[in-house]
> 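Handing you a structure now.
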Amino acid sequence: MTVVTGGAGFLGSHLVDRLLKEGHEVLAVDNLLTGNERNLDHLRGEKRFRFLRHDVTKFIAVEGPVDYVFHFASPASPIDYLELPIQTLKVGSLGTHNALGLAKAKGATFLLASTSECYGDPLVHPQKEDYWGNVNPIGPRGVYDEAKRFAEAMTMAYHRFHKVNTKIVRIFNTYGPRMRLRDGRVVPAFVGQALRGEPMTIFGDGKQTRSFCFVSDLIDGIYRLSQSDFHEPVNIGNPTELTILEFAERIRHLTGSQSKIVKNPLPVDDPKQRKPDITRAREILGWEPKVLLEDGLRETIQWFQNHLDTPVQK
Ligand code: NAD
Ligand code: UDP
């Protein structure tokens with residue numbers, strides 16, 4: 001049995017699909033705080049899959065043998081974690097402790113979904129895994145960043161002290177089908193606005209940069225990491241870096257939208273630049289992203305088009 005916490009979320013549900021394809025029996029554990037069971041609807045009737053609605057900040061009881069625990073439960077969009085600060089801190093700390101405890105009790109391999117936010121507003125560019133980051137612990141994003149940094153520390157402690165076979169992936173901005181249209185992250189925000197013909201809201205001057213990875217590439221890197229014998233953090237992301245303004249223009253072009261681009265205030269501590277150095281993933285996992293931004297965006301736009309709650313405005 002393989003356990004995926006956060007299995008009803010965007011990434012968790014794609015990971016469940018991949019694990020089933022690889023022959024695993026999968027138990028998704030999720031309290032549906034930011035996820036949705038609809039992401040798993042297509043698995044109804046699949047005998048190797050089960051869903052357990054449960055808050056992983058409470059003891060996680062699983063009967064029988066467990067080979068892998070993938071710990072993905074956590075609010076992940078800045079809007080979500082600003083609205084759910086305590087839950088975010090609890091799932092990163094207590095939830096990680098419980099998920100590690102489950103892995104230890106069952107002798108399972110453990111993989112933590114960590115984040116590029118561990119680097120905070122980075123002073124080193126691009127970000128390599130040996131950079132310790134520039135995080136404001138008491139700012140509004142601190143609830144997420146520090147929870148994930150604690151989760152990494154806890155994971156390494158279980159590895160060093162209890163000899164659990166652990167892995168840590170630092171996930172950079174990832175996009176694709178099944179993101180919540182209104183989760184506030186930039187991809188659903190811009191695509192939704194462009195498809196509706198509403199103004200596209202750039203935060204700040206739009207000169208901050210991000211690097212976007214398509215979900216199938218990310219899941220492939222994570223699966224490879226789970227099969228490796230490497231224990232230190234590994235960045236998985238796409239190093240193609242764009243300013244947010246360029247990104248908005250790209251989406252406007254691909255959707256054929258007439259939306260205006262407007263400027264809104266920049267959120268506190270919004271990182272100014274972000275781009276993964278993926279040398280480690282290349283060397284250790286033989287992994288690099290394959291999907292071009294334009295192709296990934298087309299697939300994502302198509303998916304959102306089929307899931308928009310209001311008609312497209314011309
Ligand atoms: P998501 O919000 O779609 O999924 C998170 C899932 O965790 C949701 O289904 C939610 O209901 C569940 N959850 C939250 N608290 C829980 C709790 N206490 N008990 C049980 N379930 C709980 O977000 P996502 O984008 O799929 O992110 C998944 C993981 O990947 C998160 O840990 C996130 O920090 C990490 N990550 C994602 C990205 C990205 O770009 N998508 C980047 C960096 C890191
Ligand atoms: N952003 C934006 N408009 C939006 C949503 C986000 O300009 O409607 C910006 C945000 O300020 C950040 C970048 O897009 O600089 C990526 O934001 P996201 O919330 O997707 O994730 P982050 O990388 O900040 O965790």
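Counting begins at 1 with the first residue of the sequence. Order of appearance sets the numbers: ligands from 1, and atoms from 1 within every ligand. Remember, predicted model here, so these are calculated numbers, not experimental data.
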> So, regarding Thr201 and ligand 2 (criterion: nitrogen or oxygen to nitrogen or oxygen, under 3.5 Å), is there a contact or not?
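In this structure, Thr201 places an N or O atom under 3.5 Å from an N or O of ligand 2.
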> Just need the protein heavy atom nearest to atom 24 (O) of ligand 2, so name the residue and atom and give the distance.
Arg141 NH2, 3.0 Å
> Examine the proximity of ligand 1 to His54 and report which part, side chain or backbone, both or neither, has a heavy atom under 4.0 Å away.
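It is the backbone that touches ligand 1; the side chain stays farther off.
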> I want to know if ligand 2 touches Pro267 in the polar sense, i.e. an N/O pair below 3.5 angstrom.
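It does not: no N or O of Pro267 is found under 3.5 Å from an N or O of ligand 2.
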> Suppose I only count heavy atoms of Asn173 and a 4.0 Å limit; which atoms of ligand 1 are within that range?
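Result: 40 (O).
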> Taking only heavy atoms of Arg185, which atoms of ligand 2 are found under 4.0 Å from at least one of them?
19 (O), 20 (O)
> If you count every heavy atom of other residues, nucleotides or ligands that lies below 6.0 Å from Asp229 atom CG, does the total exceed 12?
no
> Got a donor-acceptor contact below 3.5 angstrom from the Asn134 side chain to the Leu123 backbone?
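No; judged by distance alone, with no hydrogens or angles, the pair does not exist.
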> Would you say NE2 of His253 has more than 12 non-hydrogen atoms from neighbouring residues, nucleotides or ligands within 6.0 angstrom?
no
> When you measure from the side chain of Arg170 to the backbone N and O of Ser114, does any donor-acceptor pair fall under 3.5 Å?
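A pair under 3.5 Å: no.
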> Heavy atom to atom 44 (C) of ligand 1, shortest distance: which of Gly95, Ser114, Ala76, Ala28 holds it?
Ser114
> Closer than 3.5 angstrom, by distance alone: can the side chain of Thr5 be matched with the main-chain N or O of Phe72 as a donor-acceptor pair?
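It does hold such a pair.
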> Where the closest heavy atom to atom 40 (O) of ligand 1 is concerned, which of Thr34, Ile236, Thr174, Leu11 has it?
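It is Thr174 whose heavy atom sits nearest to atom 40 (O) of ligand 1.
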> So if I count the atoms of ligand 1 from 1 in the order they appear, which ones are less than 4.0 Å from some heavy atom of Val91?
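Taking each heavy atom of Val91 in turn, ligand 1 has 15 (N), 16 (C), 17 (C), 18 (N) under 4.0 Å.
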> Distance to 0.1 Å, residue and atom name: give those for the protein heavy atom nearest to atom 3 (O) of ligand 1.
Phe10 N, 2.8 Å
> Less than 4.0 angstrom from a charged side-chain N to a carboxylate O is my criterion; do Arg210 and Asp270 meet it?
yes
> Among all the protein's non-hydrogen atoms, which is closest to atom 19 (N) of ligand 1, and how far away is it?
Val56 N, 3.0 Å
> For ligand 2 and Val186, I'd like to know whether there is a polar contact (N/O to N/O, distance under 3.5 Å).
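Min N/O separation from ligand 2 is below 3.5 Å for Val186.
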> Which of the numbered atoms in ligand 2 are below 4.0 angstrom from a heavy atom of Arg274?
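Heavy-atom distances to Arg274 below 4.0 Å select 22 (P), 23 (O), 25 (O).
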> Looking at His97 and Thr57, would you say the former's side chain and the latter's main chain have a donor-acceptor pair under 3.5 Å?
no
> Within the 4.0 Å heavy-atom shell around Lys148, which atoms of ligand 1 are there?
31 (C), 32 (O), 33 (C), 34 (O)
> Suppose I only count heavy atoms of Pro78 and a 4.0 Å limit; which atoms of ligand 2 are within that range?
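Contacts of ligand 2 toward Pro78, numbered from 1: 19 (O), 21 (O), 25 (O).
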> I'd like to know if the side chain of Asp269 and the backbone of Arg141 have a donor-acceptor N/O pair within less than 3.5 Å.
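Such a contact is absent between Asp269 side chain and Arg141 backbone.
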> Please say whether Asn31 places an N or O atom under 3.5 Å from an N or O atom belonging to ligand 1.
yes
> Where the closest heavy atom to atom 5 (C) of ligand 1 is concerned, which of Ser74, Gly35, Gly6 has it?
Ser74
> Do side-chain atoms of Gln208 reach the backbone of Phe203 as a donor and acceptor pair under 3.5 angstrom?
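Yes; judged by distance alone, with no hydrogens or angles, the pair exists.
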> Quick check: Gly9 and ligand 1, any N/O pair under 3.5 Å apart?
yes
> Starting from atom 5 (C) of ligand 2, what is the nearest protein heavy atom, named by residue and atom, and what distance separates them?
Phe203 CE1, 3.4 Å
> Glu117 heavy atoms, cut-off 4.0 Å: which ligand 2 atoms fall inside?
25 (O)
> Which residue and non-hydrogen atom of the protein lie closest to atom 42 (C) of ligand 1, and at what distance in Å?
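For atom 42 (C) of ligand 1, the nearest protein heavy atom comes out as Ile171 CG2, 3.4 Å.
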> So if I count the atoms of ligand 1 from 1 in the order they appear, which ones are less than 4.0 Å from some heavy atom of Leu32?
11 (O)
> Using only atom types and a distance under 3.5 Å, with no angle test, would you say the side chain of Arg252 pairs donor to acceptor with the backbone of Ser259?
yes
> Just need the protein heavy atom nearest to atom 41 (N) of ligand 1, so name the residue and atom and give the distance.
Arg185 NH1, 3.0 Å
> State whether Lys106 and Asp67 are salt-bridged, where the test is any N-O pair (Lys NZ or Arg NE/NH1/NH2 against Asp/Glu carboxylate O) under 4.0 Å.
no
> I'd like to check which ligand 1 atoms, numbered from 1 as shown, lie under 4.0 Å from a non-hydrogen atom of Asp55.
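This gives 17 (C), 18 (N), 19 (N) as the contact atoms.
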> Quick test: of every protein heavy atom, which one is nearest to atom 11 (O) of ligand 2, and how far off is it to 0.1 Å?
Asp270 OD2, 2.6 Å
> I'd like to know if Arg48 and Glu25 make a salt bridge, using a cut-off of under 4.0 Å between side-chain N and carboxylate O.
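Judged by the 4.0 Å cut-off on N to carboxylate O distance, Arg48 and Glu25 do not form a salt bridge.
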> Who are the ring-ring contact (aromatic ring centres under 6.0 Å, His included) partners of Phe190, not counting sequence neighbours?
none
> Judged on heavy-atom distance to atom 12 (C) of ligand 1, which of Val169, Asp30, Leu112, Asp183 sits nearest?
Asp30
> Are Tyr158 and Phe110, when compared by the centres of their aromatic rings, separated by less than 6.0 Å?
no
> Take every heavy atom of Phe247, measure it against each atom of ligand 2, and state whether any distance is under 4.0 Å.
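Flag not set, Phe247 not near ligand 2.
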> Atom OH in Tyr68, atom CD in Glu22: separation rounded to 0.5 Å?
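Reported value, rounded in 0.5 Å steps: 10.0 Å.
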> What atoms of ligand 2 come closer than 4.0 angstrom to any heavy atom of Ile202?
7 (O)
> Which atoms of ligand 2 are found less than 4.0 Å from any heavy atom of Ala189?
8 (O)
> For the pair Ser211 (side chain) and Arg274 (backbone), establish whether a donor and an acceptor sit closer than 3.5 Å, ignoring hydrogens and angles.
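Yes; judged by distance alone, with no hydrogens or angles, the pair exists.
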> Taking distance alone, with N or O pairs closer than 3.5 Å, would you say Gln208 contacts ligand 2?
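Yes, Gln208 has an N/O under 3.5 Å of an N/O on ligand 2.
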> Please confirm whether the backbone N or O of Leu32 pairs with a side-chain atom of Arg53, one donor and one acceptor, at under 3.5 Å?
no
> Which protein heavy atom lies closest to atom 21 (O) of ligand 2, and at what distance to 0.1 Å?
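For atom 21 (O) of ligand 2, the nearest protein heavy atom is Asn173 ND2, 3.7 Å.
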> For atom 13 (C) of ligand 2, find the nearest protein heavy atom and state the residue, atom name and distance (0.1 Å precision).
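For atom 13 (C) of ligand 2, the nearest protein heavy atom comes out as Ile244 CD1, 3.6 Å.
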> Is Tyr144 near ligand 1, meaning one of its heavy atoms is under 4.0 Å from it?
yes
> Output yes when Arg185 and Asp80 qualify as a salt bridge under the 4.0 Å nitrogen-oxygen rule, no when they do not.
no
> Could you find the nearest protein heavy atom to atom 23 (O) of ligand 2 and give me its residue, atom name and distance?
Arg210 NE, 2.6 Å
> Just by distance, do the side chain of Asp217 and the backbone of Val291 share a donor-acceptor pair under 3.5 Å?
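Yes; judged by distance alone, with no hydrogens or angles, the pair exists.
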> Considering only non-hydrogen protein atoms, determine which one is nearest to atom 29 (C) of ligand 1 and report residue, atom name and distance to 0.1 Å.
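Among all protein heavy atoms, the one nearest atom 29 (C) of ligand 1 is Phe72 O, 3.2 Å.
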